[in-house]
K.L.:
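This is the structure, below, for whatever I ask next.
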Amino acid sequence: MESNGGATDVSSIRSEIETLKAAKSDIEQRISVLEAQLRETTINQQKTDTVSNGTCRSISTVYSDNSHGLSPDMIYRYSRHLLLPSFGVQGQSNLLKSSVLVVGAGGLGSSALLYLAACGVGRLGIVDHDVVELSNMHRQVIHTEAYIGQSKVKSAAAACRSINSSIQIIEHGEALRTSNALEILSQYDIVVDGTDNPPSRYLISDCCVVLGKPLVSGAAVGLEGQLTVYNYNGGPCYRCLFPTPPPTTACQRCADSGVLGVVPGIIGCLQALEAIKIASAVGEPLSGRMLLLDALSARIRIVKIRGRSSQCEACGENSAFTQDQFRNFDYEKFTQSPQFPLPLKLNLLSADSRISSKEYKERVDNGEAHVLVDVRPAHHFKIVSLPNSINIPLANLEARLHEISLAMKEEEKHKGSESSSGASVYAVCRRGNDSQRAVQYLHKMGFTSARDIVGGLESWGRDVDPHFPTY
């Protein structure tokens, strides 16, 4: 009885605490609203005050009649900016008159957008066609779990407005293409590139060259990042540095290679900084120089990059790259990579050398003697794996064939399967690409029973076990 009474007391105390906390929050919010109203009312009253003879304005009215155009609320909001001798009133005034477009509300765009909104960019545009996913949360800090499945543009715009309701936020909830890029980018003074693929980088850079817009470009993957400013005050554009697109094998994506969440956050903050410097006409932007971040060793280097190329097809002395040419340029063909990449799906094997995840599950349930070889890298295998699988990364397959042979013999012995067919071999990976390469090699080496599981672990999570973790 005593324990029940104690539980009741704890429950009632907790309930009362939650009620008081809610009341406290409501009271504090109401106080904030009233204080804002009081400040506004006081300011308005001061503006209308005059001396009794009506010929002289009050001191408060004189102070509010300034040349920089900053309202009392703006002075209070941006007061820490105004206190900086190197930034001050003029820098903030320039910033409030500027407009910045951020292409991509992902890892880079998240922190860039938050700081651009907070610092007082007059008009802030956001371009993105994607939706918020749970796997975004660790790095795309502008989004919250409440917006999972919804438009990134709407989520990002809501976050920016919650920070600063006094600036204009423009939503472009569409993919940036040659058909709409000129129209969208022409509305802004500065462009921030937060994309992660070669076609978009060339497209945005070329569009900025055609329109004469400075471009703040950033990149982050793994534990490394880089940052520079293109097409600013005679500086180079993206094509000046990379006239020929890099091979597709050299282009890493976060979805495949991974990224530590804070790394794009750091680069995004630095992108905001460069945009602020350009917009406010303060400091020395990173034109003609590139910042390189190695997060693992905590090293930041600034390197000089080549200047504007006279032979550049976009901005060179003899370039005739026009808006019409831009509209008709095929950036996916030029870079040999898709602008909006989907996971790679190879088709290297015949149908009889492949098996669906559902079919594999049936064979497991029927007790078939077999060996399941997971050919993902070891650090992938540690994330999640299927029961009884052995991890032999594709790169090590040749040197470890004997392990498969040994495992097959053990399986045959365990299952009592001494038939001529023996134990089967199945290969699995994350998405069903490396497993096909593995089966090709296994066939060449005499493992004729080897089969690939179509779609890999992703298909297992989708078609067999919805609770199986995917990444």
Side-chain angles (χ1 to χ4, degrees), residues 246-253 255-258 335-338 341-412 415 417 419-465 468 470-471:
T248 53
T249 53
C251 300
Q252 301 182 63
R253 297 177 60 238
D256 299 320
S257 304
T335 59
Q336 293 297 299
S337 59
L342 296 171
L344 179 66
K345 290 186 178 181
L346 297 179
N347 190 17
L348 305 176
L349 302 171
S350 59
D352 60 355
S353 296
R354 311 190 74 187
I355 185 173
S356 72
S357 56
K358 286 184 177 180
E359 290 173 315
Y360 173 70
K361 176 66 164 57
E362 290 173 1
R363 298 190 183 192
V364 171
D365 292 343
N366 291 334
E368 178 187 296
H370 74 281
V371 174
L372 176 61
V373 182
D374 190 321
V375 298
R376 293 174 298 152
H379 66 286
H380 282 239
F381 189 75
K382 289 179 181 178
I383 298 172
V384 65
S385 62
L386 290 177
N388 303 317
S389 58
I390 60 174
N391 182 218
I392 303 179
L394 181 62
N396 307 126
L397 191 58
E398 181 179 358
R400 296 175 62 181
L401 286 176
H402 65 283
E403 295 182 34
I404 299 177
S405 298
L406 182 61
M408 291 174 69
K409 290 178 182 178
E410 289 292 328
E411 182 69 9
E412 290 166 1
K415 296 282 188 179
S417 174
S419 64
S420 58
S421 59
S424 302
V425 177
Y426 297 101
V428 70
C429 64
R430 183 182 179 187
R431 295 183 176 130
N433 295 316
D434 281 349
S435 56
Q436 292 185 65
R437 296 185 177 102
V439 168
Q440 275 189 325
Y441 179 74
L442 288 171
H443 284 176
K444 289 180 183 178
M445 302 308 294
F447 294 84
T448 55
S449 71
R451 298 288 182 273
D452 154 63
I453 298 179
V454 178
L457 297 179
E458 286 192 354
S459 71
W460 183 270
R462 182 181 61 249
D463 301 329
V464 177
D465 180 5
F468 186 79
T470 56
Y471 62 97

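Note that the coordinates shown come from a computational prediction; the quantities given were computed from them, not determined experimentally. Quick note: numbers below take in every heavy atom, side chains included, and nothing from hydrogens, waters or symmetry partners.
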K.L.:
Ignoring hydrogens, what is the shortest heavy-atom contact between Phe381 and Arg376? Give both atom names and the distance.
P.N.:
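For Phe381 versus Arg376, the nearest heavy atoms are CA-NH2, 3.6 Å.
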K.L.:
Run Leu406 and His402 through side-chain contact (heavy atoms from CB on, under 4.5 Å) and show every step you take.
P.N.:
CA-CA 6 Å; Leu406 182 61; His402 65 283; over 6 Å; no
K.L.:
Would you check if Val425 and Val373 make a side-chain contact, meaning some heavy-atom pair closer than 4.5 Å?
P.N.:
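The answer is yes; the side chains approach within 4.5 Å.
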K.L.:
Under a 4.5 Å cut-off applied to non-hydrogen side-chain atoms, are Ile390 and Val371 in contact?
P.N.:
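Yes; the side chains approach each other to less than 4.5 Å.
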K.L.:
Do Arg451 and Val439 make a side-chain contact, defined as non-hydrogen atoms from C-beta onward lying under 4.5 Å apart?
P.N.:
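No, every pair of side-chain atoms sits at 4.5 Å or beyond.
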K.L.:
Nearest 0.5 angstrom please: Glu362 CD to Lys358 NZ, how far?
P.N.:
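Taking CD in Glu362 and NZ in Lys358, the distance rounds to 9.0 Å.
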K.L.:
If you take all heavy atoms of Phe447 and Ser405, which pair is closest and at what distance?
P.N.:
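That closest heavy-atom pairing would be CZ-OG, 3.4 Å.
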K.L.:
For a side-chain contact (heavy atoms from CB on, under 4.5 Å) check, start with the C-alpha distance between Ile355 and Arg363, then their side-chain angles and the critical distance, and finish with the verdict.
P.N.:
CA-CA 10 Å; Ile355 185 173; Arg363 298 190 183 192; 3.4 Å; yes
K.L.:
Any carboxylate oxygen within less than 4.0 angstrom of a Lys/Arg side-chain nitrogen, looking at Glu403 and Arg400?
P.N.:
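Between Arg400 and Glu403 there is a salt bridge, with a charged N closer than 4.0 Å to a carboxylate O.
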K.L.:
Mind checking the CD1-OG spacing from Ile453 to Ser356? Nearest 0.5 Å is all I need.
P.N.:
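Atom-to-atom, Ile453:CD1 and Ser356:OG are 9.0 Å apart.
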K.L.:
Might you point out which heavy atoms bring Leu442 and Ile404 nearest each other, and give the distance in Å?
P.N.:
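Taking every non-hydrogen atom into account, CD2-CD1, 3.9 Å.
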K.L.:
Atom CG in Leu397, atom CE in Met445: separation rounded to 0.5 Å?
P.N.:
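One finds 9.0 Å between CG of Leu397 and CE of Met445.
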K.L.:
Please report the shortest heavy-atom distance between Asp452 and Gly432, naming the atom on each side.
P.N.:
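That closest heavy-atom pairing would be OD1-O, 4.2 Å.
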K.L.:
If you look at every heavy atom in Asp434 and Cys429, which pair is closest and at what distance?
P.N.:
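Smallest interatomic distance, heavy atoms only, reads N-SG, 3.6 Å.
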K.L.:
For residues Tyr426 and Glu368, is any side-chain donor paired with an opposing acceptor at under 3.5 Å?
P.N.:
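Yes.
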K.L.:
Counting only heavy atoms not in Asn388, do more than 12 sit closer than 6.0 Å to its CG atom?
P.N.:
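Atom CG in Asn388 is not packed in, count stays at 12 or less.
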K.L.:
Any non-hydrogen side-chain atom of Leu457 less than 4.5 Å from a side-chain atom of Val428?
P.N.:
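When only atoms from C-beta onward are counted, Val428 and Leu457 do touch, with a gap below 4.5 Å.
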K.L.:
Where is the tightest heavy-atom contact between Arg354 and Leu346, given as atom of each residue plus distance?
P.N.:
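For Arg354 versus Leu346, the nearest heavy atoms are NH1-O, 4.2 Å.
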K.L.:
Could you tell me whether Arg431 and Asp256 make a salt bridge, using a distance below 4.0 angstrom between a side-chain N and a carboxylate O?
P.N.:
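Salt bridge: yes.
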K.L.:
Any chance you could measure His443, atom NE2, to Thr448, atom OG1, to the nearest 0.5 Å?
P.N.:
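His443 NE2 to Thr448 OG1: 7.0 Å, rounded to 0.5 Å.
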K.L.:
From Lys361 NZ over to Asn366 CG, what is the distance, rounded to the nearest 0.5 angstrom?
P.N.:
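The distance works out to 9.5 Å.
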K.L.:
Would you say the side chain of Asp465 lies within less than 4.5 Å of the side chain of Trp460, judging by non-hydrogen atoms?
P.N.:
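The answer is yes, as the side chains (C-beta and beyond) meet within the 4.5 Å cut-off.
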K.L.:
Under 3.5 Å, is there a donor-acceptor pair between the side chain of Ser424 and the main chain of His370?
P.N.:
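No; zero donor-acceptor contacts below 3.5 Å.
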K.L.:
Treating Glu411 as the side-chain partner and Ala423 as the backbone partner, does any N or O pair qualify as donor plus acceptor under 3.5 Å?
P.N.:
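Not confirmed, Glu411 side chain does not pair with Ala423 backbone.
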